[in-house]
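All ligand and atom numbering here is 1-based and tracks the order in the structure. Not measured: the values here are computed from a predicted model.
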Amino acid sequence: MKKHVLIGVTGGIAVYKILDVESKLRKLGYEMNTIMTKNACEFVQPMAFQTISNNYVVTDTFERPHKWEVEHISLAKKADIMLIAPATANVIGKIAHGIADDMLTTTVMAAKCPVVIAPAMNTAMYENEIVQENIAYLKSKGYLFIEPVSGMLACGDVGSGKLASPDEIVAFVEKTIEESLVKEEISQDLKGRHILVTAGPTVEAIDPFRYITNHSSGKQGYAIAESAVKRGAEVVLVSGPVQIPAPEGVKVVTVKSARDMYEVVHEYFNWSDAVIKAAAVADYRPRVESQHKVKKTGLDDMTLELVRNPDILQSLGEIKSHQVLVGFAAETDNVVEYAMQKIAKKHLDFIVANNIAQQGAGFKGDTNIATIIEANGQITETGQMSKHALGDAILDKVKCYFK
Ligand code: PMT
């Protein structure tokens with residue numbers, strides 16, 4: 001597929017050189033869109049860029065205010081790389097300070113692709129401490145710079161600030177795209193894999209108003225699902241009732257009770273290459289779910305009779321074929337010993353044990369502390385980390401078990 005280069009052109013005498021950059025990129029097979037600031041249009045007409053890039057040019061003239069609102073998002077999403085050239089001191093300063101008051105700067109703020117900035121300005125301006133601080137700040141935030149070269153400037157001064165040559169700019173763009181492709185390939189290590197994750201609590205009804213549940217927020221399971229989809233896997237997340245939004249790209253199936261979860265998990269089990277059961281499933285449910293509100297009696301005591309729920313994980317362990325099976329163990333003491341027993345009983349490949357009594361681990365928070373125990377006896381202590389980082393550590397381990 002053709003890679004897409006989004007070019008932001010700001011006002012400076014070097015604008016005409018970007019026509020050459022676009023012409024070279026087009027010959028190399030790139031697709032392009034151009035955004036021109038109002039000042040850039042003073043130097044070269046948008047029509048010239050439209051003809052060279054063979055695509056429409058967006059300007060900051062506010063002629064199409066309705067389109068303007070969404071255009072910056074769609075262009076930012078489409079871009080594999082964004083190049084701002086020539087970049088004035090003004091645009092560099094605006095980006096460094098998060099100012100988004102025109103088409104170009106709003107698009108930069110929305111861009112998730114690499115952003116390459118090629119400054120061009122008078123030497124004194126380029127060497128100005130404020131401009132240099134803005135450049136250093138943007139570099140620290142991951143923005144890439146094509147350093148200007150020394151030479152005779154339009155104003156007659158001689159020194160640094162001259163836009164890098166079109167050949168250099170094109171080579172830099174190509175190199176950056178290649179590097180991001182390599183990164184993307186490495187980060188898509190779960191492409192083609194089907195991963196089933198469970199998250200959140202289950203809710204076991206007593207009557208239409210009351211239920212038994214636990215403190216699971218769903219954060220750990222959702223974090224695993226989000227990491228897996230980012231790494232290219234197809235992900236189904238079976239979730240008990242939680243208050244967090246569905247991660248982008250993940251198919252979420254919501255359930256209430258352990259028995260609902262059992263049904264859905266079994267429905268997707270054959271499809272799955274791995275199942276990661278982070279949900280906190282109720283072991284018991286009320287024997288009777290009353291259809292009417294349970295009334296107070298004259299007695300001080302009331303007994304609620306409970307019956308066992310199906311053990312979902314164990315039922316999967318009994319029928320598993322190629323699937324990698326990962327359990328969680330929420331414990332407060334004898335963490336490793338109990339986790340080992342669960343591995344054996346539920347035929348797991350490994351278990352992620354978290355001590356829910358420990359500060360920074362378990363329910364609700366954004367971090368967890370886990371001991372990953374494998375069926376072969378290998379034990380890995382993760383230390384405290386974000387639930388997303390633990391998700392990645394679990395997925396790294398899952399990868400080793402794929403047949
Ligand atoms: O959701 P958060 O707020 O982020 O909190 C995360 C968490 C603490 C809930 C999570 O890290 C965790 O530990 N989840 C598992 C909790 C649990 O139910 O542990 P358990 O030891 O009771 O169960 C062991 C394993 O069997 C679990 O994988 C569980 O999903 C599974 N199980 C349990 C009972 C049952 N009837 N069916 C099951 O499949």
Side-chain angles (χ1 to χ4, degrees), residues 196-204 212-227 237-244 247 252 255-266 268-269 272 274-285 306-320 323-373 382 384-391 393-394 398:
L196 179 62
V197 183
T198 69
T202 63
V203 165
E204 311 296 331
I212 299 172
T213 190
N214 58 63
H215 291 296
S216 173
S217 64
K219 283 184 180 174
Q220 183 61 78
Y222 275 61
I224 298 167
E226 201 169 344
S227 294
L237 175 62
V238 184
S239 172
V242 297
Q243 301 298 323
I244 39 182
V252 180
V255 294
K256 281 190 179 160
S257 68
R259 284 177 297 168
D260 296 342
M261 188 173 278
Y262 180 99
E263 293 300 328
V264 179
V265 164
H266 275 270
Y268 284 97
F269 190 53
S272 311
V275 180
I276 306 171
K277 283 219 76 255
V281 183
D283 287 318
Y284 291 90
R285 68 177 184 279
L306 302 177
V307 290
R308 278 298 289 264
N309 266 329
D311 189 315
I312 306 167
L313 197 49
Q314 191 173 334
S315 69
L316 299 179
E318 283 159 10
I319 58 166
K320 81 168 178 178
Q323 293 90 347
V324 179
L325 211 50
V326 182
F328 264 74
E331 305 289 357
T332 50
D333 42 49
N334 295 330
V335 173
V336 174
E337 191 190 325
Y338 290 149
M340 276 295 197
Q341 289 169 7
K342 282 177 190 163
I343 290 182
K345 195 170 154 206
K346 305 188 186 199
H347 307 288
L348 307 178
D349 291 290
F350 65 90
I351 199 159
V352 183
N354 43 196
N355 184 337
I356 51 174
Q358 214 173 348
Q359 184 84 11
F363 294 118
K364 286 184 175 165
D366 291 324
T367 63
N368 212 343
I369 306 167
T371 309
I372 300 179
I373 304 151
T382 66
Q384 186 169 349
M385 53 172 61
S386 73
K387 285 184 172 171
H388 280 96
L390 179 57
I394 293 167
V398 163

Q | atom 29 (C) of ligand 1 [closest protein heavy-atom partner, distance rounded to 0.1 Å] | A | Ala279 O, 3.5 Å

Q | Any side-chain heavy-atom pair of Ser257 and Asp260 under 4.5 Å | A | yes

Q. Does at least one non-hydrogen atom of Ile351 fall below 4.0 angstrom from an atom of ligand 1?
A. no

**Q.** Closest approach of any protein heavy atom to atom 21 (O) of ligand 1, naming residue and atom
**A.** Lys342 NZ, 2.5 Å

Q | Taking atom 11 (O) of ligand 1 as the reference point, the nearest protein heavy atom with its distance | A | Asn354 OD1, 2.6 Å

Q. Which residue supplies the protein heavy atom nearest to atom 26 (O) of ligand 1, what is that atom called, and how far is it?
A. Lys346 NZ, 3.0 Å

Q. What do you reckon, does Ala280 have a nitrogen or oxygen under 3.5 Å from a nitrogen or oxygen of ligand 1?
A. no

Q) Short N/O distance, under 3.5 Å, between Gly327 and ligand 1? A) no

Q) Any N or O on Lys387 sitting closer than 3.5 Å to an N or O of ligand 1? A) yes

Q.
Give me the residue, atom name and distance of the protein heavy atom closest to atom 6 (C) of ligand 1.
A. Gln220 CB, 3.7 Å

Q: Determine whether the side chain, the backbone, both or neither of Lys364 has a heavy atom under 4.0 Å from any heavy atom of ligand 1.
A: backbone

Q: Check if Arg308 has a non-hydrogen atom at a distance under 4.0 Å from any atom of ligand 1.
A: no

Q.
Heavy-atom count check: over 12 atoms from other residues, nucleotides or ligands less than 6.0 Å from His266 NE2?
A. yes

Q: Provide the number and element of each atom of ligand 1 under 4.0 Å from a heavy atom of Gly218.
A: 1 (O), 2 (P), 3 (O)

Q. Where the side chain of Thr382 meets the backbone of Ala370, is there a donor-acceptor pair that is under 3.5 Å apart?
A. yes

Q. Is there a side-chain contact between Ser217 and Gln243, using heavy atoms and a 4.5 Å cut-off?
A. no

Q. Lys219 heavy atoms, cut-off 4.0 Å: which ligand 1 atoms fall inside?
A. 1 (O), 2 (P), 4 (O)

Q | Expected output: side-chain Asn354 to main-chain Ala329 donor-acceptor under 3.5 Å | A | yes

Q.
As a test of understanding, state which of Val275, Val326, Leu313 forms a side-chain contact (heavy atoms from CB on, under 4.5 Å) with Leu348.
A. Leu313

Q.
As an exercise, state the distance from CE of Met261 to CD1 of Ile312, rounded to the nearest 0.5 Å.
A. 5.5 Å

Q | From the candidates Pro310, Ala278, Gly200, the one that places a heavy atom nearest atom 14 (N) of ligand 1 | A | Ala278

Q | Pairwise distance CD1(Ile276) to CD1(Ile394) - rounded to 0.5 angstrom | A | 6.5 Å

Q) Quick one: does Tyr262's side chain get under 4.5 Å of Val255's, heavy atoms only? A) no

Q. Just how far is it from atom NZ of Lys277 to atom CG of Leu325, taken to the nearest 0.5 Å?
A. 9.5 Å

(Q) Would Glu331 count as being in polar contact with ligand 1, using the rule that some N or O on each side must be under 3.5 angstrom apart? (A) no

Q. Which protein heavy atom lies closest to atom 28 (O) of ligand 1, and at what distance to 0.1 Å?
A. Lys277 O, 2.7 Å

Q. Considering residues, nucleotides and ligands other than Glu318, do more than 12 of their heavy atoms fall under 6.0 Å from its CD?
A. yes

Q: Report yes if Gly365 has an N/O atom closer than 3.5 Å to an N/O atom of ligand 1; otherwise report no.
A: no

**Q.** side-chain contact (heavy atoms from CB on, under 4.5 Å) involving Leu306 - partner list, sequence neighbours excluded
**A.** Ile212, Tyr284, Pro286, Leu304

**Q.** Protein heavy-atom partner closest to atom 37 (N) of ligand 1 - residue, atom, separation in Å
**A.** Ile312 N, 3.1 Å

Q: Check each heavy atom of Val242 against ligand 1 and say whether those closer than 4.0 Å belong to the side chain, the backbone, both or neither.
A: neither

**Q.** Where ligand 1 meets Asn368 - atom numbers and elements under 4.0 angstrom, heavy-atom basis
**A.** 11 (O)

Q: State which residues pass side chain to side chain donor-acceptor pair (under 3.5 Å) with Gln384; sequence neighbours excluded, sorted by chain then number.
A: Thr367

Q.
My understanding is that we take every heavy atom of each candidate and find the minimum distance to atom 16 (C) of ligand 1. Doing that for Ala329, Ala353, Ala330, Ala339, which one comes out nearest?
A. Ala330

Q.
Distance check, rounded to the nearest 0.5 Å: His347 atom NE2 versus Ser315 atom OG?
A. 11.0 Å

Q) Can you find an N/O atom of Thr198 closer than 3.5 Å to an N/O atom of ligand 1? A) no

Q. Considering only protein heavy atoms, which is closest to atom 34 (C) of ligand 1, and at what distance to one decimal place?
A. Asp283 OD1, 3.3 Å

Q. For Phe328 and ligand 1, does the shortest N/O to N/O distance drop below 3.5 Å?
A. yes

(Q) Heavy-atom count check: over 12 atoms from other residues, nucleotides or ligands less than 6.0 Å from Lys320 NZ? (A) yes

Q: Give the single entry among Pro201, Gly362, Ser315, Ser217 that approaches atom 3 (O) of ligand 1 most closely by any heavy atom.
A: Ser217

Q.
If you measure every N or O of Asn309 against every N or O of ligand 1, does any of those distances drop under 3.5 Å?
A. no

